[in-house]
K.L.:
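My structure is below; once you've seen it, I'll send some questions.
Quick caveat: nothing in here was measured; it's all calculated off a predicted structure. Order of appearance sets the numbers: ligands from 1, and atoms from 1 within every ligand.
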Amino acid sequence: MQLTIVLPSYNEEEVLHETSSRLLALYKKLISDKKIDDNSRICFVDDGSKDNTWEIIQELSQKHLHVSGIKLSRNRGHQNALLAGLFSVEGDIIISIDADLQDDINIIEDMIDSYNSGNDIVYAVRKERATDTAFKRATAEGFYKLMHLMGVDIVFNHADYRLMSRRAIEHLKEFKEVNLFLRAMIPLVGFKSDNVYYDRAERFAGESKYPLKKMLSFAWDGITSFSVMPLRLITAMGFLIFLVTIAMSVWVLWIKLFSQEAVPGWASTVLPIYFIGGIQLFSIGIVGEYIGKIYMETKERPRFIIEKKV
Ligand code: UDP
Ligand code: MG
């Protein structure tokens with residue numbers, strides 16, 4: 001069985017040597033245990049790095065039979081780089097993992113065992129978020145819960161560390177969208193799947209390439225690419241306001257007809273204008289977000305361009 005591990009790498013010169021030597025040690029063991037074939041590969045995808053990432057990948061691939069690399073023509077972001085790797089490599093089973101190896105590689109053997117017992121997709125799931133800051137933990141777990149509430153089928157605390165069979169990859173190729181949010185797309189492929197649990201470590205070198213701004217935009221993309229719930233909420237909100245308005249009209253009429261205290265109300269005139277105005281702008285914004293998505297999808301631009309392979 002041929003295994004390929006795909007690692008998207010953006011400005012990762014500080015970690016590549018350590019990462020490849022850890023993985024090569026694992027390959028050595030798996031090959032001698034006859035779990036995987038000798039033609040198995042480790043494939044680094046250089047996502048248009050500005051540092052020496054590509055030079056190091058080239059050097060590693062010359063030195064080690066099991067290391068290969070793909071260079072994208074420019075930086076396209078983690079999800080696109082990952083997709084480029086998944087769609088370009090050979091292998092009966094393909095595992096994706098971050099280049100910083102924060103995710104524990106010792107469960108790879110368990111993932112392969114799970115594949116051998118009939119699972120096409122094996123999700124690696126974090127047991128707990130002890131190495132995260134309280135802020136990151138709260139926002140990340142809140143995000144998974146929100147996605148769930150919005151009706152998106154997503155594995156709790158699973159990121160992009162997973163094993164996929166050849167046929168699952170081939171079916172993933174039939175998904176043509178350019179707004180990529182892989183962790184919600186993969187469950188749509190179906191097939192029998194399994195979870196394997198692990199603890200996440202700190203980065204051993206370099207710094208996170210996912211600052212808060214990128215994290216927020218990733219979460220927002222995830223929601224609007226997979227759920228029309230925000231649009232439905234607008235409809236519900238509009239209906240609610242309609243009901244409130246009817247009740248208010250009845251009340252105003254009642255005051256006017258049956259009492260002497262018709263108030264020359266500034267508040268009751270001006271406040272609703274701001275209120276409705278705000279809601280309208282907000283709603284148009286959300287609708288616009290989806291139109292933006294349609295716009296991007298209709299262009300059918302390539303999701304990645306490969307410059308070189310080694
Ligand atoms: N990454 C990428 N392109 C980007 C940003 C990040 O390929 O534009 C890669 C990065 O090299 C790493 C993975 O995505 O292998 C996850 O990034 P990082 O470890 O910085 O994120 P964190 O673990 O902090 O969420
Ligand atoms: Mg990381």
Side-chain angles (χ1 to χ4, degrees), residues 4-23 42-57 60 67-89 94-105 107-108 124-144 154-155 157-162 178-183 198-222 303-308:
T4 307
I5 298 186
V6 173
L7 306 100
S9 318
Y10 177 58
N11 295 344
E12 297 286 12
E13 59 181 8
E14 286 162 279
V15 307
L16 289 179
H17 283 108
E18 174 71 19
T19 297
S20 60
S21 69
R22 287 193 199 176
L23 285 174
I42 297 163
C43 179
F44 291 100
V45 182
D46 173 20
D47 184 17
S49 301
K50 294 181 186 69
D51 63 0
N52 286 320
T53 296
W54 180 244
E55 285 68 31
I56 296 173
I57 294 172
L60 287 168
V67 177
S68 67
I70 294 174
K71 177 176 166 47
L72 298 192
S73 61
R74 69 177 182 93
N75 179 246
R76 288 304 315 268
H78 176 224
Q79 299 287 294
N80 294 68
L82 181 51
L83 198 76
L86 295 178
F87 286 0
S88 313
V89 298
I94 297 173
I95 292 178
S96 54
I97 188 170
D98 290 348
D100 54 12
L101 294 194
Q102 281 184 284
D103 306 298
D104 183 6
I105 59 169
I107 60 162
I108 286 181
V125 178
R126 293 175 66 174
K127 273 186 228 156
E128 52 182 4
R129 290 179 168 266
T131 51
D132 283 358
T133 59
F135 176 74
K136 171 124 190 193
R137 184 166 47 219
T139 48
E141 294 196 337
F143 170 69
Y144 284 98
I154 182 169
V155 180
N157 273 348
H158 155 74
D160 284 307
Y161 182 18
R162 72 178 82 80
V178 296
N179 291 291
L180 292 178
F181 190 68
L182 284 166
R183 65 194 72 168
Y198 70 100
D199 284 317
R200 196 174 210 231
E202 309 268 10
R203 237 178 200 273
F204 57 81
E207 54 191 34
S208 175
K209 274 84 196 170
Y210 260 106
L212 182 64
K213 189 167 150 254
K214 263 199 199 172
M215 247 161 60
L216 286 177
S217 98
F218 186 54
W220 182 241
D221 266 353
R303 293 177 287 187
F304 53 83
I305 293 172
I306 292 174
E307 184 177 324
K308 271 184 227 157

K.L.:
What atoms of ligand 1 come closer than 4.0 angstrom to any heavy atom of Lys136?
P.N.:
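Numbered from 1, ligand 1 contributes 25 (O).
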
K.L.:
Do Leu23 and Leu7 have side chains that approach each other closer than 4.5 Å (heavy atoms only, starting at C-beta)?
P.N.:
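A side-chain contact under 4.5 Å exists here.
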
K.L.:
Tell me which protein heavy atom sits closest to atom 6 (C) of ligand 1, plus the residue, atom name and distance to 0.1 Å.
P.N.:
Lys209 CB, 3.7 Å

K.L.:
Could you list which atoms of ligand 1 come closer than 4.0 Å to a heavy atom of Pro8?
P.N.:
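It comes down to these atoms of ligand 1: 7 (O), 9 (C), 10 (C), 11 (O), 12 (C), 15 (O).
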
K.L.:
Would you call the rings of Phe218 and Tyr210 parallel, tilted or perpendicular, where under 30° means parallel and over 60° means perpendicular?
P.N.:
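It falls in the tilted class, 30° to 60°.
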
K.L.:
Is there a nitrogen or oxygen of Ala81 sitting under 3.5 Å from a nitrogen or oxygen of ligand 1?
P.N.:
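Between Ala81 and ligand 1, no N or O pair is found under 3.5 Å apart.
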
K.L.:
Are any non-hydrogen side-chain atoms of Phe181 and Ile154 less than 4.5 angstrom apart?
P.N.:
yes

K.L.:
Only N/O/S atoms count here: what is the atom of Asp100 closest to the Mg ion (ligand 2) called?
P.N.:
OD2

K.L.:
Do any N/O/S atoms of Gln102 come under 2.8 Å of the Mg ion (ligand 2)?
P.N.:
yes

K.L.:
Go through the steps to decide whether Ile97 and Ile5 satisfy the test side-chain contact (heavy atoms from CB on, under 4.5 Å), and finish with yes or no.
P.N.:
CA-CA 7 Å; Ile97 188 170; Ile5 298 186; 3.7 Å; yes

K.L.:
Report yes or no: does a heavy atom of Lys214 sit under 4.0 Å from some atom of ligand 1?
P.N.:
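Yes; Lys214 lies near enough to ligand 1 that a heavy-atom distance drops under 4.0 Å.
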
K.L.:
What do you reckon, does Arg76 put a non-hydrogen atom under 4.0 Å from ligand 1?
P.N.:
no

K.L.:
Please walk me through it: do Asp160 and His78 pass side-chain contact (heavy atoms from CB on, under 4.5 Å)?
P.N.:
CA-CA 10 Å; Asp160 284 307; His78 176 224; 3.6 Å; yes

K.L.:
Does a side chain donor of either Asp103 or Tyr198 reach within less than 3.5 Å of an acceptor in the other side chain?
P.N.:
yes

K.L.:
Kindly compute the distance separating CD (Glu13) from OG1 (Thr53), expressed to the nearest 0.5 Å.
P.N.:
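The OG1 atom of Thr53 is 6.0 Å from CD of Glu13, to the nearest 0.5 Å.
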
K.L.:
Tell me which protein heavy atom sits closest to atom 4 (C) of ligand 1, plus the residue, atom name and distance to 0.1 Å.
P.N.:
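Answer, as residue, atom name and distance: Asp47 OD2, 3.5 Å.
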
K.L.:
When you measure from atom 23 (O) of ligand 1 to every protein heavy atom, which one gives the shortest distance, and what is it?
P.N.:
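For this ligand atom, the closest protein heavy atom is Gln102 OE1, 2.7 Å.
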
K.L.:
At a 4.0 Å cut-off, with the gap strictly under it, does some heavy atom of Glu202 reach an atom of ligand 1?
P.N.:
no

K.L.:
Using distance alone, decide if ligand 1 has a nitrogen or oxygen within less than 3.5 Å of any nitrogen or oxygen in Glu207.
P.N.:
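No - when backbone and side-chain N and O of Glu207 are compared with those of ligand 1, no distance drops under 3.5 Å.
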
K.L.:
If you count the atoms of ligand 1 from 1 in the order shown, which ones are under 4.0 Å from a heavy atom of Ser9?
P.N.:
7 (O), 11 (O)

K.L.:
Which heavy atom of the protein is the closest neighbour of atom 8 (O) of ligand 1, given with residue, atom name and distance?
P.N.:
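For this ligand atom, the closest protein heavy atom is Asn75 ND2, 3.2 Å.
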
K.L.:
Go through it in stages, so that I can follow the logic: the residues are Asp221 and Gln79, the test is side chain to side chain donor-acceptor pair (under 3.5 Å), and I'd like the CA-CA distance, side-chain angles, deciding distance and then a yes or no.
P.N.:
CA-CA 12 Å; Asp221 266 353; Gln79 299 287 294; over 6 Å; no

K.L.:
May I ask you to identify the nearest protein heavy atom to atom 10 (C) of ligand 1, giving residue, atom name and distance to one decimal place in Å?
P.N.:
Glu12 OE2, 3.2 Å

K.L.:
Is the closest side-chain heavy-atom distance between Ser96 and Leu82 below 4.5 Å?
P.N.:
yes

K.L.:
Check whether NZ of the Lys or CZ of the Arg Arg183 lies under 6.0 Å from the centre of the six-membered ring of Tyr144 and within 45 degrees of that ring's axis.
P.N.:
no

K.L.:
May I ask you to list the atoms of ligand 1 that are less than 4.0 angstrom from any heavy atom of Ala99?
P.N.:
15 (O)

K.L.:
Could you establish whether Gln79 and ligand 1 come within less than 4.0 Å of each other, counting only heavy atoms on the residue side?
P.N.:
no

K.L.:
Of all the atoms in Asp98, is at least one N, O or S atom closer to the Mg ion (ligand 2) than 2.8 Å?
P.N.:
no

K.L.:
What are the atoms of ligand 1, with element, lying closer than 4.0 Å to any heavy atom of Arg200?
P.N.:
23 (O)

K.L.:
To the nearest 0.1 Å, how far is atom 14 (O) of ligand 1 from its closest protein heavy atom, and which atom is that?
P.N.:
His78 CD2, 3.1 Å

K.L.:
Considering only non-hydrogen protein atoms, determine which one is nearest to atom 22 (P) of ligand 1 and report residue, atom name and distance to 0.1 Å.
P.N.:
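For atom 22 (P) of ligand 1, the nearest protein heavy atom comes out as Ser208 OG, 3.7 Å.
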
K.L.:
Short list, please: which atoms of ligand 1 are under 4.0 Å from a heavy atom of Arg203?
P.N.:
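That gives atoms 18 (P), 19 (O), 20 (O) of ligand 1.
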
K.L.:
Test Ile57 against Leu16 for side-chain contact (heavy atoms from CB on, under 4.5 Å), laying out the working first.
P.N.:
CA-CA 8 Å; Ile57 294 172; Leu16 289 179; 3.9 Å; yes

K.L.:
I would like to know whether His17 and Leu60 meet side-chain contact (heavy atoms from CB on, under 4.5 Å); could you show each step before the answer?
P.N.:
CA-CA 8 Å; His17 283 108; Leu60 287 168; 4.0 Å; yes

K.L.:
Any idea which protein heavy atom is nearest atom 17 (O) of ligand 1, and the distance to it?
P.N.:
Tyr210 CD1, 3.8 Å

K.L.:
Side chains of Arg200 and Tyr161: do they bring a donor and an acceptor to under 3.5 Å?
P.N.:
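Absent: no donor and acceptor within the cut-off.
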
K.L.:
Among Asn75, Asn80, Asn11, find the residue that satisfies the side chain to side chain donor-acceptor pair (under 3.5 Å) test when tested with Asp47.
P.N.:
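Result: among Asn75, Asn80, Asn11, Asn75 is the only option passing the side chain to side chain donor-acceptor pair (under 3.5 Å) with Asp47.
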
